[in-house]
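In what follows, a single structure is set out as structure tokens and then discussed.
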Amino acid sequence: MKVLGLIPARGGSKGVPRKNIKLLDGKPLLAYSAESALKARRLSRVILSTEDEEIAEVGRGIGLDVPFMRPAELATDTAATFPVVMHAIDTLRSQGDSYDAVCLLQPTNPLRRAMDIDECIGIMERYGSDSVVSVLPVPEPFNPMWVFWKQDDGRLVLSSGESEPVARRQDLPQAFHRDGSVYLSRTNVLFEHGNLYGRSIQSYEMDPQYAVNIDTANDWERAEQMIRAQSSFVSTR
């Protein structure tokens with residue numbers, strides 16, 4: 001399977017300004033995703049999609065391929081991810097380069113490992129799924145069988161659609177949420193379904209110690225703490 005590794009990194013950011021090239025424990029945030037992608041054995045090519053010349057320069061300096069610049073309209077605060085993915089695929093196709101699948105690797109999830117990427121590709125091949133998404137378990141208090149929607153008139157309705165919540169914690173079905181580290185999609189599914197998922201979605205459960213999503217300054221501090229804790233563990237072994 002020929003798989004494209006796609007790292008999207010735009011210049012604008014409100015939560016943490018210029019976060020994609022801001023130094024996280026001594027190196028640009030973008031470098032963490034670049035390193036794991038370039039170490040992954042199953043990615044055929046790894047590219048950076050950005051509209052920002054400074055980010056492109058940093059990307060090239062850490063080994064990323066920048067075969068095009070992203071249009072400004074696909075780099076606004078309101079721009080969705082899917083059109084960014086499709087722009088990359090269409091542009092590469094126009095250059096004579098096509099792929100069976102694309103692996104979206106957001107820089108805001110810097111701690112994913114090369115093995116996480118390779119495992120997701122292996123899962124897709126094993127099950128023939130349309131997509132593979134990295135996930136984490138949903139904490140029990142937020143399980144859909146216990147979560148309510150509040151209606152306009154104030155009534156509570158279970159998000160599960162059931163008439164009453166599961167009575168015992170032990171009987172709760174296991175639930176998961178996307179953690180954002182890896183989105184792997186077959187290229188034909190992107191064109192046919194107009195989304196990253198298709199109909200047959202497999203999951204890859206992330207190790208929580210490598211799962212962090214940076215949107216705010218607090219997330220940034222947490223990521224630094226996690227990196228330092230991992231470095232300390234390695235140095236004491």
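We number each residue from 1, following the sequence as shown. Scope of the values below: all heavy atoms of this structure, side chains included, with no hydrogens, waters or symmetry mates.
- When hydrophobic side chains of Ile, Leu, Val, Met, Phe, Trp and Tyr are connected at separations under 4.5 Å, Leu172 ends up clustered with Met145, Trp146, Val166.
- Proximity of Arg113 to Asp207: side-chain heavy atoms (C-beta onward) are separated by under 4.5 Å at one or more points.
- Residue Lys39 places its NZ atom among 12 or fewer non-hydrogen atoms of other residues, nucleotides or ligands, all under 6.0 Å distant.
- Asn143 contributes a side-chain N or O that, together with a main-chain N or O of Pro173, makes up a donor-acceptor pair within less than 3.5 Å.
- A donor-acceptor contact shorter than 3.5 Å links the side chain of Thr187 to the backbone of Tyr99.
- Side-chain N or O atoms of Asp130 include one that pairs as donor or acceptor with a backbone N or O of Arg199 at under 3.5 Å.
- Asp153 and Gln151 form no side-chain donor-acceptor contact under 3.5 Å, judged by distance and modelled atom types alone.
- Looking at Glu51, its side chain does come within 3.5 Å of a backbone N or O of Gly11 through a donor-acceptor pair.
- Judged by distance alone, the side chain of Ser131 and the main-chain N or O of Gly198 form no donor-acceptor pair under 3.5 Å.
- In this structure, Arg186 contributes its side chain and Ser129 its backbone to a donor-acceptor pair below 3.5 Å.
- With hydrogens and angles disregarded, no donor-acceptor distance shorter than 3.5 Å links the side chain of Ser49 to the backbone of Pro8.
- Judged as a side-chain hydrogen bond (donor to acceptor under 3.5 Å, both in side chains), and not counting sequence neighbours, Tyr183 has no contacts.
- Under the side-chain hydrogen bond (donor to acceptor under 3.5 Å, both in side chains) criterion, Asn218 pairs with no residue at all, not counting sequence neighbours.
- Side chain of Tyr210 to main chain of Asp116: no donor-acceptor pair is present (N/O by atom type, distance under 3.5 Å, no hydrogens or angles).
- Proximity of a side-chain donor or acceptor of Arg112 to a complementary backbone N or O of Ser181 within less than 3.5 Å is detected.
- No option in Arg18, Arg70, Arg10, Lys19 other than Arg18 meets the salt bridge (charged side-chain N to carboxylate O under 4.0 Å, His left out) test with Asp52.
- The pair Asp90-Arg93 does not meet the salt-bridge criterion, since no charged nitrogen lies less than 4.0 angstrom from a carboxylate oxygen.
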